[in-house]
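So that the names make sense, note that chain A is the first sequence line, chain B the second, and so on, each numbered from 1.
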Amino acid sequence: SSILHIAAVVVSGTSVVVYMYTWCLSSSIHISAVVVSMFSTIICGFLFLLVVKRLPEHVQVDDPAVVKRLAKKLERQQIPLRSDYGYKVSLFSHLHQYSRKAPLTQQLSIPSTVIHPSIVRLGLQYSQGIVAGSNARSVALLHAFKQVIRDYTTPPNEELSRDLVNKLKPYISFLNQCRPLSASMGNAIKYIKKEISNIPSQCKEEEAKTKLLTCIDRYIEEKIVLAAKAISKYAIEKISDGDVILVYGCSSLVNNILCEAFEKSRKFRVIVVDSRPRLEGREALRRLVQRGISCTYVLISALSYILPEVSKVFLGAHALLANGYVMSRVGTSQIALVARTFNVPVLVCCETYKFCEKVQTDSFVSNELDDPDDLMVTRKGKTQLENWQDVSSLGLLNLVYDVTPPDFVDLVITDLGMIPCTSVPVVLRVKNLDQ
Amino acid sequence: MELQAVLMAAGGGSRMMDLTYNTPKPLLPVGNKPLIWYPLNLLERVGFEEVIVITTKEVQKMISTDPKVKLDVKMKLDLVCIQEDADMGTADALRHIQQKVKTDVLVVSCDLITDAALHEVVDLFRAHNATLSMLMSKAHEFTETVPGQKGKKKTGEQRDFVGVDDTGKRLLFMANEADLDEGVVIRKSIMRKHPRMHIKTGLVDAHLYCLKKSVVDFLADNKSISSIRGELVPYLVRKQFSKSTNSPKVIDETHQNLKKNDSNVNLEIQISSRDEELLHLTQERSCWNDHRGDMSDAYHGGRLRCYVHIMDEGICYRVNTLAAYIEANRLAPKLFDEPAVHPSAVVSERCLIGADSIIGASCQISDKTSIKRSTIGVSTTVREKVKVTNSIIMHGVTIEEGCNIQGSVICSNAVIGRGADIKYCLVGSAQRIEPDGEHTTMSKACSA
């Protein structure tokens with residue numbers, strides 16, 4: 001692919017040279033051709049570096065050079081490589097697809113020495129789905145990092161601010177292998193790395209460690225717990241008596257909002273929409289009914305039948321992208337689309353720490369492929385898809401995320417207030433200025 | 001450090017006294033390696049670097065002095081000796097080394113021969129933050145005839161009742177037939193939380209346990225528990241479902257004193273970790289539940305959890321009876337890939353050695369012998385025209401010419417006289433069989 005890059009530069013360079021030469025000729029300015037060509041290649045080079053960013057490795061799995069580079073990096077960090085499983089649908093063959101039955105711990109030694117035990121436990125919980133959901137994953141990650149920091153001792157002749165960051169790199173690779181990192185986890189890791197690098201070198205180890213632990217506690221308190229409270233406060237203003245609210249899947253934030261609204265004696269009822277294979281709606285249903293909220297439960301195939309009854313749609317988000325698109329559980333874009341057709345307002349609730357600087361307009365480029373065996377279902381002792389690998393023309397696709405365009409979202413409720421979808425880049429810019 | 005390995009090698013082998021009255025059980029040869037080598041090899045393969053071995057002084061002496069007992073393991077072995085006559089149970093031994101235990105422990109028994117994937121057991125322990133995680137296997141029928149016993153093995157052995165939930169991983173109920181008076185009694189609180197329970201009886205307990213450190217500390221406070229398998233494990237399984245305010249309703253006489261120690265509260269406090277709040281927040285925000293159908297949170301809000309991994313296929317034997325010992329000798333060669341005939345053995349060309357036989361080091365096999373499906377120990381001499389079928393010959397045995405040995409176990413340093421015909425017998429250590437003797441289905445262990 002580097003050959004392609006060089007070819008692209010050469011072609012664009014020559015075309016600019018030709019253009020500028022003809023322009024000079026037409027406007028009869030006598031500048032030597034050599035000067036013109038030098039100038040143009042320099043400009044091309046700069047433009048090229050600015051515009052073309054390196055694609056992350058986890059979306060280039062079909063490129064053998066990238067896979068080899070990844071394998072070498074993991075070998076250097078002494079982390080086993082998790083091998084892909086099963087046939088991948090061609091449109092998504094650039095993504096990893098792992099099997100839950102082959103955990104990464106199979107290749108690790110049992111009292112794990114290279115990777116801290118709490119990180120191994122976290123990786124297992126991620127890959128088995130015990131810790132699922134953007135907020136839960138971030139909190140669990142920060143909890144594990146707290147254990148790592150507690151057990152860390154600075155080796156002699158090293159500085160904590162540099163060595164600890166290097167120690168965290170293999171752990172992050174390991175967690176990435178267990179399950180691709182979410183946007184919220186990425187932001188949390190960026191924050192921690194910044195905090196660690198900002199520790200002054202004359203700070204003693206104990207003091208530095210307590211400082212880091214309090215930073216982590218404060219991050220969780222501010223960005224997750226208090227943000228949820230603020231979002232509930234704003235969202236409750238939008239819920240009026242007699243409302244019929246539709247929710248999709250199990251979003252911890254949306255469940256929180258509904259429970260708080262119910263406690264503040266708003267009268268509403270909820271319709272929970274669910275989809276296979278995860279069927280997370282059942283857990284949302286349980287939590288809402290436990291509080292006493294009256295709920296209805298449907299599968300996503302019945303969406304257009306119940307939408308005439310619905311007055312509002314509340315959706316959770318996995319991440320908010322820089323161009324205003326909402327990345328959430330697969331199926332969310334369908335809900336938003338059908339709701340827009342029925343003129344039902346769609347409100348997305350998302351904390352600001354989930355805003356990320358990626359830009360995506362489709363669900364293909366960057367997504368996550370879950371275990372395809374989850375799609376198999378056993379009824380009355382028979383599993384129809386049991387030997388799906390033997391059928392050469394059959395592929396099972398288990399997508400996890402999809403992106404919803406901002407035209408379908410009416411309002412985004414964040415801890416900074418209620419903003420339209422297109423104001424996300426503004427929030428990101430303000431955040432960057434703060435830092 | 002994540003896990004510490006503890007190997008219990010102080011057991012007496014009370015169910016095979018014929019074999020163990022002279023050789024301690026951890027050093028019995030199986031496939032020409034001492035029995036203790038197998039769990040040590042398992043731990044080494046998985047990646048442990050040091051093991052605490054709890055054993056008797058006799059075994060420690062034999063390991064350090066006897067050249068026939070070679071434990072070529074690269075791990076660091078920390079041998080802890082206990083008195084033989086102290087009658088210590090496994091839990092007592094764990095209490096004895098409480099000072100050495102700094103993290104969670106993996107307790108293995110010395111008589112376990114298995115090729116199980118240990119990561120399955122440890123993954124359950126890690127992922128669910130369990131207090132106990134153990135390994136069990138489907139029992140296989142022993143097909144070989146046991147020497148010295150007439151007729152079929154009596155099935156009067158006490159059965160174990162193991163209750164697991166729908167996923168087959170969570171341990172709900174464990175009791176031995178000996179502890180149950182009239183029938184299996186299952187508390188309503190268990191049925192309310194887990195309405196579908198599968199009760200299995202044909203399982204072999206591998207005696208491999210992952211225990212949290214707090215359990216070891218709990219043992220230090222409760223000196224009445226003496227056996228891990230007999231008392232600690234059923235106690236932990238029961239404790240999963242008891243309310244911390246009420247005392248458990250079904251109590252045996254042996255557990256009366258546990259109630260007095262206020263052990264409920266102790267255990268709950270001890271298993272709470274730091275940052276409990278964050279873990280609680282994680283569980284609250286996570287959209288996962290281990291069961292569905294009722295209104296309760298994941299794990300029903302319980303903090304004590306016991307898990308079991310049940311192996312379907314693979315080798316898993318506990319060598320604590322003669323039948324298991326013979327079966328293990330048949331299958332043990334599959335676990336290591338050393339050549340069947342040791343390079344230092346002197347084997348003459350005109351003998352017939354079957355593919356599934358093992359010949360130990362420094363053996364002398366003479367002409368016209370036939371060895372089928374047997375194990376010949378170290379430094380054994382087999383003279384001409386001997387037929388050995390389906391037998392286990394231990395170290396230093398001398399078999400004179402013309403013998404016919406079938407389905408038997410000959411212990412170390414025995415001498416089989418010329419022309420003896422031995423079928424399904426057990427010949428004890430250093431015994432002599434007279435020449436031309438004919439013995440069938442007999443156990444000659446003690447000197448006559």
Chain A heavy atoms under 4.5 Å from B/Q4: which part of the residue, side chain, backbone, both or neither?
neither
Over 12 non-hydrogen atoms of neighbours within 6.0 angstrom of CD in A/Q106
yes
Please state whether the side chain, the backbone, both or neither of B/E120 comes within less than 4.5 Å of a heavy atom of chain A.
neither
Kindly say whether B/A127 contributes a backbone atom to a donor-acceptor pair with the side chain of A/Q125 at under 3.5 angstrom?
yes
Separation between CZ of B/R292 and CG of A/L279, rounded to the nearest 0.5 Å
8.0 Å
Test side-chain contact (heavy atoms from CB on, under 4.5 Å) on A/R121 and B/N129; report intermediate values, then the result.
CA-CA 8 Å; A/R121 166 175 300 159; B/N129 210 9; 3.5 Å; yes
Under 4.5 Å from any heavy atom of chain B, what part of A/R287 do you find: side chain, backbone, both or neither?
side chain
side-chain contact (heavy atoms from CB on, under 4.5 Å) partner of A/I110, chosen from B/D123, B/V121, B/V46
B/V46
Electrostatic pair A/R286:B/D297 at N-O distance under 4.0 angstrom:
yes
Contact part of A/N255 toward chain B, heavy-atom cut-off under 4.5 Å: side chain, backbone, both or neither?
neither
More than 12 foreign heavy atoms under 6.0 Å from CD of A/E75: is that the case here?
no
Could you walk me through whether A/V131 and B/T282 pass the side-chain contact (heavy atoms from CB on, under 4.5 Å) check?
CA-CA 7 Å; A/V131 174; B/T282 307; 4.0 Å; yes
Does B/R196, at its CZ atom, have more than 12 non-hydrogen atoms belonging to other residues, nucleotides or ligands within less than 6.0 Å?
no
Do A/L142 and B/L278 come close enough that some side-chain heavy atom pair is under 4.5 Å?
no
Hey, could you give me the CD1/CG distance between A/I224 and B/L281, rounded to the nearest 0.5 Å?
7.0 Å
From OG1 (A/T113) to CD (B/E2), nearest 0.5 Å
9.5 Å
Would you mind checking which part of B/T103 comes under 4.5 Å of any heavy atom in chain A, side chain (CB onward), backbone (N, CA, C, O), both or neither?
neither
In terms of heavy-atom proximity below 4.5 Å to chain B, should A/Q290 be classed as side chain, backbone, both, or neither?
both
Rounded to the nearest 0.5 Å, how far apart are CG of B/L279 and NE2 of A/H143?
4.0 Å
Measuring heavy-atom distances to chain B, does A/I220 have an atom under 4.5 Å in its side chain, in its backbone, in both, or in neither?
side chain
Residue among A/I130, A/L122, A/L124, A/L108 with most heavy-atom pairs under 4.5 Å to chain B
A/I130
Atom NE2 of B/H198 with >12 non-hydrogen neighbours under 6.0 angstrom:
yes
Just by distance, do the side chain of B/S286 and the backbone of A/G133 share a donor-acceptor pair under 3.5 Å?
no
A/A284 portion near chain B, given a 4.5 angstrom heavy-atom threshold:
neither
Can you tell which of A/A132, A/S109, A/S127, A/P103 has the highest number of heavy-atom pairs within less than 4.5 Å of chain B?
A/A132
With distance as the sole test, does A/E283 use its side chain to make a donor-acceptor pair with the main-chain N or O of B/C287 at under 3.5 Å?
no
